[in-house]
Colleague: 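Structure in structure tokens, see below.
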Amino acid sequence: MEMMSGAAMVVRTLKDIGVKHVFGYPGGAVLDIYDALYAQKNVEHVLVRHEQAAAHMADGYARSTGKTGTVLVTSGPGATNTITGIATAFMDSIPMVVLSGQVPSKHIGEDAFQETDMVGCSRPIVKHSFLVKRAVDIPEAIAKAYYIANTGRPGPVVVDLPKDIVNVSEEHPYQFPEDVTMRSYNPTLKGHNKQIKKAVKTLLESKRPILYVGGGAITAEASDLVTELAEKLNAPVTSTLMGLGAFSSVHEQFVGMLGMHGRLEANKAMHNADCILALGARFDDRVTNNVDKFCPHANIIHVDIDPASISKIVGAHVPVVGSIDEVAKQLLKEMGKIDAKAQKEKVADWWEQITQWRSRKCLDYKKDNGLIKPQEVIESLYKHTNGDAYVSSDVGQHQMFAALYYPFAKPRRWINSGGLGTMGFGLPAAMGVQMAHPEAVSTVVTGDGSIQMNIQELATCMQYNLPIKIISLNNRALGMVRQWQDMIYKGRHSHSYMDSMPDFVKLAEAYGHIGIRVTKPEELDEAMARCFAAKDRLVFMDIEIDQNEHVYPMQIKFGAMDDMRLSKTERT
Amino acid sequence: MRRIISVLMENAPGSLSRIVGVFSQRGYNVDSLCVAPTDDKSLSRLTIVTEADDKVIEQITKQVNKLIDVLKVTDLSDGHHVERELMLVKVATRSELIRAEIKRNVDIFRAQIVDVDANNYTIQVTGTSDKLDAFAHTLSQSTEIIEASRTGVCGLSRGEKALRP
Ligand SMILES: Cc1ncc(C[n+]2csc(CCOP(=O)(O)OP(=O)(O)O)c2C)c(N)n1
Ligand SMILES: [Mg+2]
């Protein structure tokens, strides 16, 4: 057996698993591991400027590829700085492995320098964690971490590595584990046959069906199967914020995103449906609005790989535990050949109704006051990227505008923090995307508030030549907060505006990038063109937009799904 | 409603804190908790008594089952089961009269005096939680309870049903 140090084992295990990129930041407890990284070329390390960004980069990398993202940080502050990033990944079920240094075993519990109980701190926001006690256990712990992170319902896994076990001066036999399966962990992939039969019967009896597609469909790489299912049933399809792109947003059966800022026709169709087929979606409170008034006419078929998600918020009539791809295959098979013409007739009235809701054109907006509208910026971005860019987003109004006005035709193109709503996620996530897809166009739609939460990563972009295109919708405000204050607090803007905005163009230039300021609607198109012409440079677009624009439609609190405001003055 | 959740899990560091975490994070209450390795030392068996309605209990069992270390979860109170709890109680023995009264109650409740000191007895009693409550109440009517310690409930299903890996 090959002999090597614990630190060498960490790096060797990563190589044997097939890890290509690690996002991290060094420090005392992991210096041995960093030394082992120095001596090899298999695993590329990306040095961030803040550990939170390392976690978001690994996250963006994972979301855009489906592969597990890897983070390496030191003990204490290095580890705690990743917490927001881990929580972000946890809420959206993103596969990630965080390798954190720890003080030497004999000092654990002594409040040693840079000691924090990382396993304890992260416990509520990880899928699982390991505190490795012996060097020889390193390969198995890390291999299991990757296995757990990216099977079943994915999620982040922490591996805490005390300094003494990675010590470079001691050697131990290295053995890569043959098998990492566990008797206590067996995710169910195939749906129960009886449930599949019930689901198909319910679907075929329905006259007003709808597919409600979530992030689980992307995780399971089930886009083609979901599309086949939708087409066979001739049913409308709506998507959660997390599911955008799983079913093409330019498909004629797509009725748009649903929920708090969903499209009117999506929420209407949900509310009036007689059968909802939920595929990898979790009836989040940002979708359902008042649960007591939620979709009163629908039989709910809930397909999810996580049994705990089913009937957690809304009771399912037909629960099906399984991965979306497997279950979609089973549903298609059980349906067999169905008479397309008859099916079309069955849902004809339903489509007529939907067409009527669509004709309200809820996304129309006015361009009347000579100011740039956030919606037109996203439309321009769509045009200049041929609708085919990776769009990462921060959190706020700009996020909702991007989700509503950039129709995603493919999965894994829309990268956003849906569950936790983490400001500061966008830029590092876009960097992770760019690392994974060096040739692709990686953009980030952000706001003047969010971008300042991880702005230091502009330096990392310089170091690794990441030609991200930053589209910053500058409204000189924490716009989403301001919108709520306008609506609920009589326009009292308590701490939602920014009094000392930096000069973002100069800031971008100070980091060695290109900055472009746009202030007039007529300059937008040309400026966008310049931005995307600079293929191998990072461009920071500081776009001054109308500060008073609100995101609509918007659900009315305590109402049903389809109780919505459609503008500042109109409601359903 | 009172529920008894029984869990079979890996006897590994951190398993217990993860289970307790599910309860504290999600605001479920724990009335008692009893845990020890099984005949197979690589596994632990844990019994939790909680107060919850059907919907909450479904979530609790699903969330606990979801933990990587957990092999099996069952709600014992869902069917026929045996449950026992053990209590050690130390009582003051100030007079002959009191000693006699205590001994009589020990016999009635099939308890045992396991330690005797100049001024106190330590008594062991097993049974359902209700029985333990009743015993403690009875003792407290004739003497002072100096201290008491209870194990919390542990239980098994009756008949063929079993939690096995
Ligand atoms: C880390 C973090 N802190 C606070 C919030 C609450 N929050 C949600 S949106 C928002 C405003 C975002 O402002 P900006 O990035 O400028 O976007 P805008 O809404 O103006 O488009 C805030 C403060 C959050 N989501 N994340
Ligand atoms: Mg803003």
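Fair warning: this is a prediction, and the values are worked out from it, not measured in the lab. All chains are named by letter (A, B, ...) in the order of the sequence lines, taking the proteins before the strands, and each is independently numbered beginning at 1.
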Colleague: Are any of the side-chain nitrogens in A/R183 or B/E10 under 4.0 Å away from the carboxylate oxygens of its partner?
Modeller: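 Looking at A/R183 and B/E10, the cut-off is met.
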Colleague: Of all heavy-atom pairs between B/E58 and A/S311, which one has the smallest distance, and what is that distance?
Modeller: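 Closest heavy-atom pair between B/E58 and A/S311: OE2-CB, 4.1 Å.
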Colleague: Can you tell me if NZ on B/K41 sees more than 12 non-hydrogen neighbours from other groups inside 6.0 Å?
Modeller: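 Buried by this count: over 12 neighbours within 6.0 Å.
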Colleague: Would you mind telling me which of B/Q59, B/R18, B/Q25, B/K66 has the largest number of heavy-atom pairs within less than 4.5 Å of chain A?
Modeller: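 The answer is B/R18.
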Colleague: May I ask you to decide if B/V70's main-chain N or O and A/S184's side chain share a donor-acceptor pair within less than 3.5 Å?
Modeller: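 No, the answer is negative, given that no donor and acceptor are paired below the 3.5 Å cut-off.
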Colleague: B/S17, B/P165, B/S24: which one forms the most heavy-atom pairs within less than 4.5 Å of chain A?
Modeller: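 Maximum pair count with chain A is reached by B/S17.
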Colleague: Measuring from B/L67:CG to A/H128:NE2, what's the distance to the nearest 0.5 Å?
Modeller: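 Here the interatomic distance stands at 9.0 Å.
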Colleague: In terms of heavy-atom pairs under 4.5 Å with chain B, which of A/S129, A/P187, A/G315, A/S309 leads?
Modeller: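 The candidate making the most pairs under 4.5 Å is A/S129.
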Colleague: Has B/K62 got a side-chain atom pairing as donor or acceptor with A/K312's backbone, closer than 3.5 angstrom?
Modeller: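 Answer holds: no.
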Colleague: Against chain A, label B/S42 side chain, backbone, both or neither, depending on which of its atoms sit under 4.5 Å from a heavy atom there.
Modeller: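 Both parts, heavy atoms under 4.5 Å.
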Colleague: For atom NE2 of B/H81, is the number of surrounding heavy atoms from other residues, nucleotides or ligands below 6.0 Å larger than 12?
Modeller: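 Atom NE2 in B/H81 is crowded, with more than 12 foreign heavy atoms closer than 6.0 Å.
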Colleague: Chain A heavy atoms under 4.5 Å from B/K72: which part of the residue, side chain, backbone, both or neither?
Modeller: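 Contact with chain A is absent: no heavy atom of B/K72 under 4.5 Å.
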Colleague: Does A/K67 NZ have over 12 foreign heavy atoms under 6.0 Å away?
Modeller: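 It does not: A/K67 NZ has 12 such atoms or fewer within range.
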Colleague: Please say whether more than 12 non-hydrogen atoms of neighbouring residues, nucleotides or ligands are located less than 6.0 Å from CD1 in B/I108.
Modeller: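 It does: B/I108 CD1 has more than 12 such atoms within range.
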Colleague: Looking only at heavy atoms, which two atoms of A/K133 and B/P13 are closest? And how far apart?
Modeller: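 So the two residues come closest at NZ-CG, 4.0 Å.
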Colleague: Taking atom CD of B/Q63 and atom CG of A/D306, what is their separation to the nearest 0.5 Å?
Modeller: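 Here the rounded value is 7.0 Å.
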